[in-house]
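Structure first, commentary second.
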Amino acid sequence: MRRIGSSGDAAARTTPVYDPATGAQTAEVVASTAPDVDRAVQDAARAFPAWRDTSLAARTRVLFAFRELCHRHRDDLARLVTAEHGKVLDDARGEVARGIEVVEFACGMPQLLKGEFSEDVSTGVDASAIRQPLGVVAGITPFNFPVMVPMWMYPVAIACGNTFVLKPSERVPSPSELVVELWRDAGLPENVFTLVHGDAEAVDALVDHPGVAAVSFVGSTPVARHVFDRAHAAGTRVQALGGAKNHAVVLPDADLASTADALVAAGYGSAGERCMAISAVVVVGDADPLLAAVAARARALVVGPGTDPAADMGPLVTRAHRARVAGYLDAAVEEGAELVVDGRTVEVVGSDDGFFLGPCLVDRVTPEMSVYRDEVFGPVLSVVRVGSLDEAIGLVNANPFGNGAAIFTRDGHAARHFRRDVAVGMVGINVAVPVPTAYYSFGGWKGSLFGDAHVHGMEGVRFNTRLKSITTRWPVPASAPAPRRSGLRLPSGDAT
Ligand code: NAD
């Protein structure tokens, strides 16, 4: 059995890694203990002074080389994602491409780190502000984007002059192993980027470590809250992005075909294991035509192993997660919802033990039902019928999550009202998955983000640096000629 993150201790606790398409175990991850984490943080702390002192030009050259290597190995990264997460290769390639965009953003760090300078804020006094790196930044990431979510964090942190310790999800450890090699080949000095594998024990040890200056977390809401509270109590800077329940509000004037296409892609892409997946479709007025259009498209999707080029949708990440998602369908039916498309019956030839669940469409869902209340994180679209746009906005705003929300309409005034009054961090207008591009910042509101800073973009630069404001007065040398002592010497002839 392939062992990842081995500490050499044969008796160490391990977690299995599966190929979700076959159900077979492919590796085991050794759980790092507090002493393992301490070693990683100490190594990163020792690497910090030299990296911080490395010129912006030299740091940026490493970033550019890393970008080239990621690009060259993009298919290798995608294949590792598919092997352990299960998403189809096209989705995995898309994730790698979005991650590389953040590396490209970080390549522009010299421009982003330019400070501010004001001359003569008072007579003979200048003011300036600069951003300095923090030290060791820790990143803790979820299973669903094994390449992209870590890339939201470490390119920006490292380009700012920090060293970085990544604790990836124990369910998808291999892409990060390749990333370590790519950084090394790009010329990053040792221990500027360090990996610790493991689970909750490693996370708590990282968050509690006095040598960690900032913690960037992405995962489920209960763990995000736990990490935020723990880091906050320790006085450590923290951003903790949590779970989601993303709504798409569809108005009667929306274009039926393109809206149905967008909802199917947003609900079933990556088997719904996306924090920006649409989970609730809130239809204003008659929902039947849209329901029929989505159902027809859902039934036509091909479910299969992520490596099958014909497959639109792969398996879920583990058997337990598949069972949990399927359980929401039983509960929904018991609570009075109508199961229009039942993915539980899906058959994938040759993959009897894979963790497959086909697309599911549930109608007449109400806010009290567990399939609506909870983050399902699977290929389940719930249709909620409402009477007005204000009722739809009220529903979105009453939800404890606030990651993304989309509206589908041709009415600019309605879209403006939605954009202005909806209480979420990311809004799509006729765009179902409004993930901000790398030079904007990603983050939700309410239970979807604890802390002030969103990730990547300028918010990421600010999170990974500390601001220093400098006020300067140079004493006038006693030997200076009189005009320099009192102000500017005007060139002759300019006095008029
Ligand atoms: P998770 O919360 O179970 O795990 C996330 C990380 O926390 C992992 O590295 C894991 O090892 C660690 N962890 C798990 N339990 C822990 C505990 N009790 N104490 C300390 N650490 C613990 O999340 P997941 O199942 O890997 O990922 C799916 C979740 O992540 C979903 O809720 C999804 O919405 C969320 N997510 C959010 C965003 C976002 O940007 N808001 C992005 C991607 C995923």
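Counting starts at 1 for both ligands and their atoms, in listed order.
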Between R319 and D353 (salt bridge meaning N to carboxylate O under 4.0 Å), is one present in this structure? no
Consider ligand 1: state whether an atom of it lies below 4.0 angstrom from any non-hydrogen atom of G444. no
Give the numbers and elements of all ligand 1 atoms closer than 4.0 Å to a heavy atom of E170. 10 (C), 11 (O)
Heavy-atom count check: over 12 atoms from other residues, nucleotides or ligands less than 6.0 Å from H232 NE2? no
Could you tell me which atoms of ligand 1, counted from 1 in the order shown, lie closer than 4.0 angstrom to a heavy atom of W152? 40 (O)
Atom 2 (O) of ligand 1: which protein heavy atom is closest, and how many Å away? S220 OG, 2.6 Å
Just which atoms of ligand 1 are under 4.0 Å from any heavy atom in I140? 6 (C), 7 (O), 9 (O)
Kindly assign one of parallel, tilted or perpendicular to the pair H85 and F143, based on the angle between their ring planes and the thresholds 30° and 60°. parallel
Among all the protein's non-hydrogen atoms, which is closest to atom 41 (N) of ligand 1, and how far away is it? G242 O, 2.7 Å
Counting heavy atoms only, which part of F401 comes closer than 4.0 Å to ligand 1: side chain, backbone, both or neither? neither
Atoms of ligand 1 close to F217 [distance to a heavy atom under 4.0 angstrom, numbered from 1]: 5 (C), 6 (C), 7 (O)
Looking at ligand 1, does any of its N/O atoms fall within less than 3.5 Å of an N/O of T141? yes
Is there side-chain contact between R171 and V29, with at least one heavy-atom pair below 4.5 Å? no
Has ligand 1 got any nitrogen or oxygen that is less than 3.5 angstrom from a nitrogen or oxygen of N144? no
Counting non-hydrogen protein atoms only, what is the nearest one to atom 25 (O) of ligand 1? Give residue, atom name and distance. R171 NH2, 3.0 Å
Of all heavy-atom pairs linking A78 and A92, the shortest is O-CB, 3.5 Å
Strictly less than 4.0 Å: does any protein heavy-atom distance to atom 4 (O) of ligand 1 fall in that range? no
Measure the distance from atom 19 (N) of ligand 1 to every protein heavy atom, then report the residue, atom name and distance (to 0.1 Å) of the closest one. A200 CB, 3.5 Å
Between E95 and R98, does any side-chain N to carboxylate O distance fall below 4.0 Å? no
Modelled atom types, side-chain donor and acceptor of D261 and S258, under 3.5 Å: no
Classify the contact between F145 and ligand 1 as side chain, backbone, both or neither, using a heavy-atom distance cut-off of under 4.0 Å. neither
Tell me, which protein residue and heavy-atom name are nearest atom 12 (C) of ligand 1, and how many Å apart are they? V203 CG2, 3.9 Å
Give the contacting part of R274 toward ligand 1: side chain, backbone, both or neither, where contact means a heavy-atom distance below 4.0 Å. neither
Closer than 3.5 angstrom, by distance alone: can the side chain of S169 be matched with the main-chain N or O of T141 as a donor-acceptor pair? no
Are a donor atom and an acceptor atom from the side chains of E181 and H73 found within less than 3.5 Å of each other? no
For atom 14 (C) of ligand 1, which of the options N403, V223, T221 provides the nearest non-hydrogen atom? V223
Pairs where residues 150-160 contributes a residue and the test side chain to side chain donor-acceptor pair (under 3.5 Å) is met, not counting sequence neighbours: none
Quiz: residues 239-247 side-chain donor-acceptor pairs under 3.5 angstrom, not counting sequence neighbours:
{"residue": "Q239", "atom": "OE1", "partner": "S216", "partner atom": "OG", "Å": "2.6"}
{"residue": "Q239", "atom": "NE2", "partner": "A453", "partner atom": "O", "Å": "3.0"}
{"residue": "Q239", "atom": "NE2", "partner": "H454", "partner atom": "O", "Å": "3.2"}
{"residue": "K245", "atom": "NZ", "partner": "S279", "partner atom": "OG", "Å": "3.0"}
{"residue": "K245", "atom": "NZ", "partner": "V371", "partner atom": "O", "Å": "2.8"}
{"residue": "K245", "atom": "NZ", "partner": "Y372", "partner atom": "O", "Å": "3.4"}
{"residue": "K245", "atom": "NZ", "partner": "D374", "partner atom": "O", "Å": "2.7"}
{"residue": "N246", "atom": "OD1", "partner": "G404", "partner atom": "N", "Å": "2.9"}
{"residue": "N246", "atom": "ND2", "partner": "C275", "partner atom": "O", "Å": "2.7"}
{"residue": "N246", "atom": "ND2", "partner": "A277", "partner atom": "O", "Å": "2.9"}
{"residue": "H247", "atom": "ND1", "partner": "K245", "partner atom": "O", "Å": "3.2"}
{"residue": "H247", "atom": "NE2", "partner": "Y372", "partner atom": "OH", "Å": "2.6"}

With heavy atoms of F377 as the reference, note each atom of ligand 1 found under 4.0 Å away. 28 (C), 31 (C), 33 (C), 34 (O)
Residue and atom name of the nearest protein heavy atom (relative to atom 40 (O) of ligand 1), distance in Å to one decimal: F442 CE2, 3.0 Å
Got a sec: does the CG of D452 have more than 12 other heavy atoms crowding it under 6.0 Å? no
Of the protein's non-hydrogen atoms, which lies at the shortest distance from atom 24 (P) of ligand 1, and what is that distance? F143 CD2, 3.5 Å
Which residue and heavy atom of the protein sit nearest atom 39 (C) of ligand 1, plus the separation: C275 SG, 3.5 Å
Check E375 against ligand 1 and report side chain, backbone, both or neither, counting heavy atoms closer than 4.0 Å. side chain
Checking side chain to side chain contact (heavy atoms under 4.5 Å, CB included) between I407 and each of V422, V431, L389, V427, which is the one that passes? L389
Given G219, G198, G243, S169, which has its nearest heavy atom closest to atom 35 (C) of ligand 1? G219
Apply the salt bridge (charged side-chain N to carboxylate O under 4.0 Å, His left out) test between R2 and each candidate in E177, E28, E84; give the one that qualifies. E84
